[in-house]
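Chain letters run A, B, ... following the sequence lines, proteins first and then strands; every chain starts at 1.
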Amino acid sequence: MALLETRGLTASYGDFQALFGVDIMVGSGETIAIIGANGAGKTTLMRSISGVLANAPASILYRDEPIGALPAPDILARGIAMVPEGRKLFPSLNVEENLLVGNYGRKIDGPWTLESIFALFPILKERRNNPATALSGGQQQMVAIGRGLMSNPALLLCDEISLGLAPVVVRDIYGAFPLIRETGASIVIVEQDIAQALKVADRVYCMMEGRVTLSGRTADLSRADIHKAYFGTDHHELA
Amino acid sequence: MNWLDTILQGVLLGGLYALFAAGLSLVFGIMRLVNLAHGDLIVLAAFLILILVTTLGLDPFVAALIAMPLMFAIGWGLQYFLLNRTLGKDILPPLLVTFGLSIVIQNGLLEGFSADSRRVFAGSLESASVNLGPVTAGIMPLMTFFSAVAVIVCLNQLIYRTSVGRAFRATSDDPVTAGLMGIRPQRIFAMATGLAMVVVTIAALYLGTRANFDPTSGPARLIYAFEAVIIGGLGSLWGTLAGGIILGVAQTVGAAINPEWQILAGHLAFLAVLLFKPRGLFPRAVD
Amino acid sequence: MARGLLGAPPILGGMGLAILELDGVSKKFGALTVAEQISFAVGEGEALGIIGPNGAGKSTLFNLITGNIPADSGSIRFLGSDVTRTPPMARCLSGMGRTFQIPQPFEKLTVFENLLVAGAFGSRRREAEVSDRCAEILVDTGLIDQANVLAGSLSLLQRKRLELARALATEPKLLLLDEIAGGLTEGECRSLVATIRAIHARGVAVIWIEHVLHALNSVVERLLVLHFGKVIGIGKPEDIMASRDVREIYLGIEI
Amino acid sequence: MTMAIPSFTVETRTRASTLSAVAVVALLLLAFAAPFIVARGVIQDLFFILTMLVLAQNWNLLAGYAGLISVGQQVFVGFGAYTMFGCVILFGVDPVVAILIAGVFSVALAIPTAFFTFRLYGPYFAIGTWVVAEVVRLLLAQWKALGGGTGTSLPREATRDMMGVGAMRDLFGMKASEAGDALTYWLALILAVATIGFIYGLLRSKQGLGLAAVRDNEQAARALGVDARRMKTLVYLATAFMTGIAGALIYVQKARISPDAAFSVTDWTAYVIFIVVIGGIGTIEGPILGVIIFFLLQNLLADYGSWYLLMLGLLGIAIMLLAPRGLWGLFSERTGIQLFPVRRVLKGGPLNLTHRGGTHG
Amino acid sequence: APAIAQDAAIKLGYVSPQTGPLAAFGEADKFVIDSFLATTKSMGLNYEVVVKDSQSNPNRAAEVAKELIVTDEVNLILVASTPETTNPVATTCEAEEMPCISTVAPWQPWFIGQQGNPGDPGSWKPFNFAYHFFWGLEDVIAVFTNMWAQIETNKKVGGLFPNDGDGNAWGDKVVGFPPVLERMGYGLIDPGRYQNMTDDFSAQINAFKSGQCEIITGVVIPPDFTTFWNQAKQQGFAPKIASIGKALLFPQTVEALGNAGHNLSSEVWWTPSHPFKSSLTGESTAQVADAFTKATNRPWTQPIGFAHALFELAVDAMKRAGDPTDGDAVAEAIAATKLDTLVGPIAWDGKGLPPFAAKNIAKTPLVGGQWRLKDGGGYDLVITDNKTAPNIPVGGKMEAIA
Ligand SMILES: Nc1ncnc2c1ncn2[C@@H]1O[C@H](COP(=O)(O)OP(=O)(O)OP(=O)(O)O)[C@@H](O)[C@H]1O
Ligand SMILES: Nc1ncnc2c1ncn2[C@@H]1O[C@H](COP(=O)(O)OP(=O)(O)OP(=O)(O)O)[C@@H](O)[C@H]1O
Ligand SMILES: [Mg+2]
Ligand SMILES: [Mg+2]
């Protein structure tokens, strides 16, 4: 059964249209990767699903309910959490408080508690009383993910979580994904690093200029397909 | 002896300023909202207390207790329906809207209550005083000061110890991301302003019992409230208390030298603090 | 090997004169040391890469070089003169161009006007003299379509390109790039590398902070590794990449 | 990498702006002739409009273009006015000369003020400027020779024998008070035209572009070689000069001064902010539109006492909520018309360049 | 549609503070003007009154005065209430050569306050068009000291003078309280000018306490007096007499003091028991006050009489001027006034005035009174001294504050 579905989703900033009829589907317990060039509209898609941008109600269905027009807090209350692009930690709050704020709107029992997040990222327990801004970029990304998990979401949206991270940190962060999947949550990741994306995702959507240009199971896609979907040209023409 | 008294009176006056400023500080700290109508809202609350006292024959303190939830509702509504729409990076829209609001409240009160000056009577408390060895202090000023301290302690507990307080601070940093955490910034802001109005009611109680007020007496003290907030540093409530006391003491000391210098001395103290600490005494790490 | 590379400062990789020399530069934020006795030099027309874990102090090092943050101690020389106490603006005017890791566009100006500001002020010329060059830079950096669009409406990566374009418009002798390749697709990355190579080929010295190593290594002649505010290695990319410290601390390859 | 690029051109002029240039010249000729055409009452209304316009344009330059939101501009109105009174009463200087001296003194006051307030940002700056204005007011209220807190009046002879009044009486057969009105009106007109000309010239210059950059992001501007501090200081001093002159001129016409009146935050700053914001901040057209609306409102409603002020407050709120860029902003967004364009639009080249920019600000 | 008017109406301009902090002064204006228009109509006179609100703002006062002169083309301007209103209007009228009658401001702040350099009496000049009637500081000093003489004190006086038009005049070392009190053997402690809306008076209270003052005087705005009086009580300072100008004019402001208003004393310029009649309507003071209370449901206030008198003077002067549009003639008529009004006889004849002010000032009688708590609540103003105007009956003797 589809946990989340978008149907002909469109989105605009003022008179500039960023999404043109996007259809994607996320199954229960599935991990999806969304890839695409800069400005393709990936972040816009995430913002639409998470309720930061308002859309037509029926263009986004969650457990078969239309949620397109709901504001962000209502979306969270239904079980969709987001790790936003650029971490967006709260600088006035320390690490622990940043994590605690994550379940402000949704206090349900589940696998994720302060303790289990500290178990997932032990370094955060050490730095729990530091202001979030005093952490390194990687640690901040861990806080952002932990904060997203605190509400025990059924669906976790992650926008470019490896951006600007040292390779060792990227490895650590992606190392946490199997544990998250084990809890039964579905995950959508937006990722530029195709290799990384292909490694963790069950299925991939590729976007270009506000449209989905390719989708399929990771195993079935060739690099050439992906290139074509990315640029609308063949790999060789580019060089 | 005399100097001791001057300092004491200054500190107590500082309590009054801190009380005027505490609500402002809360709103300023959480929403970066420069509320020019704050003084008029204090006067509005004073009129509310006055109505309760005169029509129901209540004790002013009881009246203030009843006025608190009413003012909370007014603050909540004001923020939710009006001020929320002005928030953003630019400080000008809230500045202008609250200036408009200030004019509206003043003239609305003028239409409703005429320009007469009014008082709220606190009975014999008004002239009561205690002897503290070499100096005497009025009961009302002492109560004002301790109310200011109590308000600040409570607000601090709320902001730094509760989940609502965390939501306040998070929303203050970044309302959009706070929304992703399930926080409804609109309501959080409304609640903050509501709370500020509760503090405003307390300030109104002491304003109304201390001296006459009329619909236009709001703005006169607004500048002191702002000074207290800024001396303390944006978002620091204890700083606001310190700011109030610095202002109060500067004024009484200035007046002791020559009454011509009273208000000037307060302003000069403010400028001196900013000269050395452009972000106030206790600035927040991030702005 | 790290030892050997950390010999007496300043260390100059290639030949020629040093355009930038740092000598014992240190900086603390409260108890946190973000730069400790940093000494190195960059030759005229050289390209130097900087890598290091998150929070190592790379961006802070840039801020020290450009003067956005004053150094606690040590000295910085640029084009032969001491600029340790010089404000950022003057350093820019003498030929330092930089990008910010978190892009800082002028949001209410158009992309083209953003460049005009950089061109007219950064190279002290009249607007009319620089407008053609600014347009060319927009073409080079792929922003020409957005020329008359408000910078505030750009996406994150478009903003990063604008950072680069603006830095170029100041006609720098030394270009400081802070993580401009992150989040690019392969093709975009390749064209970015080509752009930077072209700039470098014109004789502009480049210092580039980047986590995307293959892009970095295809441009720079030397790599500098920063860890907890200290230089723990500097040298040829292939040597650095092979070093044990770097593999462990940065790449996370267990040995 | 670099290829041959078809040439680009940069444009700021629009058709509306060319038309408006023509209209402005015609309007100016008419305005200069006004004292011979219309009644004295109209001249006084125009004087009010022009002086408020000068104040509004200056505040707009400060807040809308330099990002310096000051609520203390009344300090220059008051200081300019007091300087003029001091010169006239204590030293017998001709009021017209005293007006210029007032401008110079305002700049002299602005230098230490800038030194202090420029250390502050955002709301701190706003409140800081207000307190500075209060301090100057309180200090001048101690100056007994000019009446202290009571205030003082300009001697009747001073305005009557003002430079040019005699000549106008002889030439045009005007009464002294009429000639005085016409003279102050012309001065106000010259001042308003000079102010707008100066601001427009500044904005179209390289410095104006730098100013916009500083307002948007000071740190980045500095890093690109813009001397943010110098630029803001220059703007601040220029507005102090023009505001001081306007203040002196206003009080030549009022002939009576007191500290509370001359340093009134409501009259000289709050209403000015109101004018700028309802018209549209960050545009030259905005304050012009704003001052006209403000004048009409005042004339239509002022006799309703507190209801007038109440309406004014509500209107300010409504405009801020419904048209945050002001009425001119609203109009300009709908129609794309700009009378004083400053946006540099890149045209030509190989690509069809889209235009998605609004007005500055 | 009206046919050709028989006679163009005589246009009077009227400026007063109807809104803002001084609005209490303008409270009676509507009543006075309405009854004035009704009276003149019934008398077959054609008057029109253009009313302008100064909003308690001196800038605005000057503006509306110009408007009245230039746009409304009135024939005479009447202005009332505090130097903040009267001075800008009078200055404007003088410059525009528009006749003007002004009242409700002691004459010194009005006359001296309009001089270019108030500190230099040699430079003071009389006005040609601006005329003022009210009492002066010499009167209030006489009234206060007469009241004080009724009670045994140590003759030590504490002064509260703010830095405003009134305060500077009252505290002036030449024309104000200090020289007179010294001559009469009183010791004055004047800590200095303070700003209005001050929140703390402990400096003054300390000075008065250490100077052992038993009398307090000054000209204070109402909120400041409440602050001062409460603080004085809290800090154990209890003078026997407090004679305060301005703050204690209106019953509402005294009531705002609660019981603490009992036996405070003040200058009294007009009451319903003043033995005067209106030259227009023939009504007595009591009748006018009653009519006001009936019409507005509010207690009488002192400005009623003076607002009324302004219009009496206007009609009288216009009658004698011949051509109402001839400003010079109207000004001359005003100067020649001899009229018995609701506030007493008025003539600009220089009686009781120094030569420099003789031309432009006419004095009205002033007496002193004390506010007494009524049994059922509320206050009565009891006249306790009439040495300065014996024709006004006293209602009791001075009492020390308990
Ligand atoms: N606030 C905004 N106002 C106007 N246009 C915007 C805004 N945010 C994004 N856009 C535009 O929408 C398009 C899609 O942006 P989006 O951020 O969704 O892309 P993305 O795929 O996430 O790109 P990136 O890889 O650069 O993060 C871009 O062309 C961008 O310029
Ligand atoms: N203004 C500041 N005040 C206090 N601490 C700061 C400040 N700026 C940076 N830091 C801290 O200094 C350290 C180094 O930061 P810096 O931004 O230089 O790291 P970086 O090497 O650029 O990391 P990344 O690769 O994540 O960009 C971090 O721990 C950061 O939190
Ligand atoms: Mg994105
Ligand atoms: Mg960095």
Side-chain angles (χ1 to χ4, degrees), chain A residues 43 46-54 70-108 114 129-134 143-144 146-153 156-159, chain B residues 25-33 80-81 84-85 87-89 155-192 232-239 279-280 282-287:
Chain A
T43 300
M46 295 295 108
R47 288 159 64 88
S48 298
I49 298 173
S50 63
V52 174
L53 291 177
L70 295 181
D74 289 332
I75 304 263
L76 181 93
R78 282 172 162 70
I80 303 178
M82 166 135 117
V83 182
E85 187 178 49
R87 298 162 207 159
K88 302 274 169 67
L89 298 187
F90 300 113
S92 315
L93 273 54
N94 65 24
V95 169
E96 184 175 324
E97 288 174 325
N98 260 291
L99 291 173
L100 286 173
V101 144
N103 71 345
Y104 186 85
R106 185 175 147 97
K107 300 222 161 69
I108 64 161
L114 206 51
N129 290 322
N130 287 68
T133 44
V143 177
R147 190 179 60 177
L149 289 173
M150 279 295 285
S151 61
N152 286 297
L156 184 69
L157 311 172
C158 303
D159 195 355
Chain B
S25 180
L26 184 72
V27 167
F28 198 20
I30 293 180
M31 292 170 263
R32 311 283 188 283
L33 184 111
Y80 194 82
F81 296 107
N84 271 339
R85 307 175 58 178
L87 296 180
K89 233 174 65 183
L155 288 180
N156 260 319
Q157 287 293 323
L158 181 86
I159 290 176
Y160 291 103
R161 297 273 176 277
T162 66
S163 81
V164 174
R166 272 198 299 276
F168 277 163
R169 286 180 289 146
T171 316
S172 157
D173 286 341
D174 181 350
V176 175
T177 309
L180 289 173
M181 306 297 122
I183 297 169
R184 288 168 208 277
Q186 311 287 334
R187 294 198 195 164
I188 284 291
F189 287 155
M191 186 144 43
L234 192 82
S236 162
L237 286 159
W238 286 114
R279 283 158 30 97
F282 309 104
R284 209 161 34 185
V286 277
D287 267 324

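The shortest distance between side-chain heavy atoms of B:T177 and A:R147 falls below 4.5 Å.
A:V101 touches chain B through backbone and side chain together, each having a heavy atom under 4.5 Å away. Looking at B:I188, the atoms closer than 4.5 Å to chain A (heavy atoms on both sides) all sit in the side chain, from C-beta outward. If you measure heavy-atom distances from A:S50 to chain B, the contacts under 4.5 Å come from both the backbone and the side chain. The parts of A:D74 that come within reach of chain B are both its backbone and its side chain, each placing non-hydrogen atoms under 4.5 angstrom from that chain.
Ion pairing of A:E97 with B:R169 is present here, as a side-chain N (NZ or NE/NH1/NH2) and a carboxylate O approach within less than 4.0 Å.
For the set A:P71, A:P73, A:G148, A:G51, the entry with the most heavy-atom pairs within less than 4.5 Å of chain B is A:P73.
Panel note: side chain A:R87, backbone A:P84; no donor-acceptor pair is recorded below 3.5 Å.
By the side-chain hydrogen bond (donor to acceptor under 3.5 Å, both in side chains) test, A:D159 is found to be paired with A:T43, residues two or more places apart in sequence or in another chain being considered.
Under a cutoff of 6.0 Å and an axis angle of 45°, A:K88 and A:F90 do not form a cation-pi pair.
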